[in-house]
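All chains are named by letter (A, B, ...) in the order of the sequence lines, taking the proteins before the strands, and each is independently numbered beginning at 1.
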There are 2 protein chains.
Amino acid sequence: MVSINDVAARANVSISTVSRVINQNANVSREKEEAVLRAVDELDYIPNGLAQGLVTKKSKSIGVLIADVANLYYSYLVKSIEKELRTAGYYAVIGNTEWEAKREKEYIRHLIQRQVDGFILASTSLSEKYINQLAEKDIPIVVLDREIKSDKIDIIRINDYKGGYQAAEHLIECGYEYFIHLKGPGFTVTAADRSRGFKDCMQEHLINGQNYVMLSSSFVEEESAKKMASFLEKNNYKNKKIGIFAANDASAFGVLKELKRRRIKVPEEAGVVGFDNVNFAEYSSPALTTINRSIADVGKLSAEILLENLNKDENDVVKAQNKNLDVELIIRESTAQVN
Amino acid sequence: MVSINDVAARANVSISTVSRVINQNANVSREKEEAVLRAVDELDYIPNGLAQGLVTKKSKSIGVLIADVANLYYSYLVKSIEKELRTAGYYAVIGNTEWEAKREKEYIRHLIQRQVDGFILASTSLSEKYINQLAEKDIPIVVLDREIKSDKIDIIRINDYKGGYQAAEHLIECGYEYFIHLKGPGFTVTAADRSRGFKDCMQEHLINGQNYVMLSSSFVEEESAKKMASFLEKNNYKNKKIGIFAANDASAFGVLKELKRRRIKVPEEAGVVGFDNVNFAEYSSPALTTINRSIADVGKLSAEILLENLNKDENDVVKAQNKNLDVELIIRESTAQVN
DNA sequence: CTGTTAGCGCATTCAT
DNA sequence: ATGAATGCGCTAACAG
């Protein structure tokens, strides 16, 4: 591997001069600069980032923790984050945690070891205490989809409660008679808020004989399919039209799959609402009615806020931000007026 | 940031002793070891990976280049690669190239700078010459979905030709009368092979009046939707049942979308076959008939081969591998017998 | 078993 | 404008 010494030797200058032209900041005479550039080119020299980082204390990389790359919400989120970071000269190092707190910790440890300059945490299992410890190390952190009490941590959330409420309201308005909500993982504020929204709406609107049930499930497709299956096996609602609110789109796809397997017609016999408005929602069979959150905006915003923190001076006190983005109902084919 | 010196001071030992217990290889007395471990714990010490990498010349990270994280084929591929690497103590650094050669080069440069120990290249625009230059630097490389002439580079491919052939055959057997193939990007061997398979099959089987056309398109959903739209606008095949082979699933989804928009019934009036058998293929509307490649296997295999190269001794000569994985037709709802 | 030392590749003073 | 020297945090001889 060719080092700065090789370049210096070839260009007949000192390594400091080479360093100067590489980093373009200090004054270097025209001729020496050209000599260095030529040497760099001829030797195909690429500076060793580890050595650079060791002295500058900056790695120009950001740790991004997500729960599942293969989940469309996260993969799209990563894409928008990565895009934004790149234009600022930073690189995203992605950690796929599979919803496990243990993995998250391993990754954080590894990323700290790798000296990332900041974190975007879109993975939700970590304890608040742990995240706060992280913040104490003075590494800028942006947290997505969580509630954290800290004035060092920036938080971006969406209005999950409203989304849950709207989903329920829509299902009621469609005329479904019995309602099921597949709850997301309990350790998650987002899931909790969506459920709360759903429940509140149900309590306010239900009349004569209408009823609802909330089943604990997850954000993963297969698990929701199973939950749905076991519920339908035990209970017979063939006579009633059921409205189902899944905690996210992946879960809704699982529901759709199970309904199809049982030849329960959507939206005639059962209506399904998801959450996220993942790219694929419009392609599912039938196209999914869902709550839209603009994923690209969330990704862009989180990267922007992080970069802001990265670029601030030591003594600049930038107050931690706490954003709350809006959501909206998108009606497609998995629900319809049924009365 | 706490360093090895702080730990050494606190534990009343030299930094070498600290280093020894951190790396668990050399002999350290029971008591000193405990003292170090306690200090590490109390100070919450995490070694600086940049410094470690600088001296060991290993970063324990692998550069993984993909064309689009938000594409289900790639996101699932990344997931399986990451899983395999992690169990071996390596971490994946993902580069999202958006199908642009320029971006690929930028990423490779950056990853070399970051001293990655190896590459998995699943991004396809790079010139063969460039990849070979990379290999000359003696960095282990595994290339996916490409043909490269080199005895240093491991290659994993699938039988794209067979897939294309089978897709065409199936469409013909279903009884469709006019055939359209939306070709993938031309700079891609995979797309070329799929097209060749399609074409060969057509040539062999077509009789009296049947006909086919190959349109250049891409692997991206929107573009294929547009191609499909402009073709349908110019040509009127209302009277004929058309069989469509899209170069990959994403493209097929785009086709499905356009067909739906025009109220062309699938599979009655038009049949659609994709390629990849992405997770969502079974959820699309209608569920997609496609060519299955087992993505998880490809990911796992590529990581395994790379790790093999990473772990070999200097003088071990491991011959570059050249794997070719099989594919199979999966029939779902987007095609059916129509005669 | 343990401490001292050199050096990895580089940015950054400090002289000149 | 430029070179010599220092040190970032760590591992790996080396000596004891």
Side-chain angles (χ1 to χ4, degrees), chain A residues 1-37 39-40 43-61 89 109-117 137 139, chain B residues 1-37 39-40 43-61 89 109-117 137 314:
Chain A
M1 198 84 296
V2 17
S3 83
I4 196 171
N5 292 297
D6 304 320
V7 179
R10 180 156 195 132
N12 271 316
V13 297
S14 72
I15 61 167
S16 338
T17 301
V18 176
S19 176
R20 285 180 185 112
V21 345
I22 296 290
N23 297 300
Q24 302 185 5
N25 35 20
N27 294 333
V28 177
S29 73
R30 193 89 174 163
E31 47 180 348
K32 298 237 174 196
E33 178 179 5
E34 279 170 8
V36 170
L37 256 21
V40 164
L43 297 173
D44 198 14
Y45 168 66
I46 298 179
N48 184 325
L50 303 187
Q52 290 179 312
L54 187 57
V55 14
T56 60
K57 310 235 175 260
K58 290 191 180 65
S59 69
K60 286 287 177 181
S61 57
R109 193 192 148 79
H110 173 255
L111 292 170
I112 290 178
Q113 190 163 355
R114 281 275 160 297
Q115 309 294 113
V116 295
D117 299 332
K137 292 186 195 289
I139 307 175
Chain B
M1 198 83 296
V2 18
S3 84
I4 196 171
N5 292 296
D6 304 320
V7 178
R10 179 156 196 131
N12 271 315
V13 297
S14 73
I15 61 167
S16 347
T17 301
V18 176
S19 177
R20 285 182 185 109
V21 346
I22 296 289
N23 297 300
Q24 301 183 7
N25 36 19
N27 294 332
V28 177
S29 71
R30 191 90 175 163
E31 49 180 348
K32 298 237 174 196
E33 179 179 5
E34 279 170 8
V36 170
L37 256 21
V40 165
L43 297 173
D44 197 15
Y45 169 65
I46 297 177
N48 183 324
L50 302 188
Q52 291 179 312
L54 187 57
V55 16
T56 62
K57 311 241 176 249
K58 290 190 180 66
S59 69
K60 288 285 176 181
S61 57
R109 193 193 147 81
H110 173 254
L111 292 170
I112 289 178
Q113 191 163 354
R114 281 272 159 302
Q115 310 294 113
V116 296
D117 299 331
K137 291 186 194 290
E314 294 277 330

ask   = In whole angstrom, what separates B:Ile4's CD1 from D:dG7's C1'?
value = 15 Å
query = Hey, does the side chain of A:Ser14 come within less than 4.0 Å of D:dT2's phosphate (OP1/OP2), counting only N and O?
reply = no
ask   = Would you say D:dT2 has OP1 or OP2 under 4.0 Å from some side-chain N or O of A:Ser29?
value = yes
remark   = Note: for B:Ala51 and B:Val13 on DNA chain C, the residue whose nearest nucleotide lies more 5' is B:Val13
task = Rounded off to whole Å, could you give me the CG-to-C1' distance for the B:Leu54 and D:dT11 pair?
result = 10 Å
note = Test side-chain contact (heavy atoms from CB on, under 4.5 Å), reference A:Leu50, set B:Asn48, B:Val55, B:Leu50, output is B:Leu50
query = Any side-chain N or O of B:Asn5 less than 4.0 Å from the OP1 or OP2 oxygen of D:dG9?
reply = no
query = Does OP1 or OP2 of D:dC10 have a side-chain N or O of B:Gln52 closer than 4.0 Å?
reply = no
ask   = Within this structure, what is the CD1-to-P distance between B:Ile46 and D:dC10, rounded to whole angstrom?
value = 11 Å
ask   = Can you find a donor-acceptor pair, distance only, under 3.5 Å between A:Thr17 side chain and D:dA1 base?
value = no
key: A:Ile15 or A:Glu33, whichever maps to the more 5' nucleotide of DNA chain D   = A:Glu33
ask   = Quick one: A:Asn27 CG to D:dT2 P, roughly how many Å, whole number?
value = 9 Å
message = Need one value for B:Leu50: base, sugar-phosphate or nothing, where a base atom within 4.0 Å counts as base even if backbone is also close, heavy atoms only.
response = nothing
inquiry  = Does A:Ser3 reach a base, just sugar-phosphate, or nothing at all? Heavy atoms under 4.0 Å.
reply    = sugar-phosphate
message = Is there a side-chain contact between B:Lys58 and the phosphate of D:dT11, meaning an N or O under 4.0 Å from OP1 or OP2?
response = no
note = Contacted region of DNA chain C by chain B, from 5' end to 3' end of the hits, cut-off under 4.0 Å to heavy atoms, spans C:dC1 to C:dG9
request  = Using heavy atoms to find the nearest nucleotide of DNA chain C for B:Lys57 and A:Val18 separately, return the residue whose nucleotide is more 5′.
outcome  = B:Lys57
query = Could you give the CG-to-P distance, from B:Asn23 to D:dA12, as a whole number of Å?
reply = 7 Å
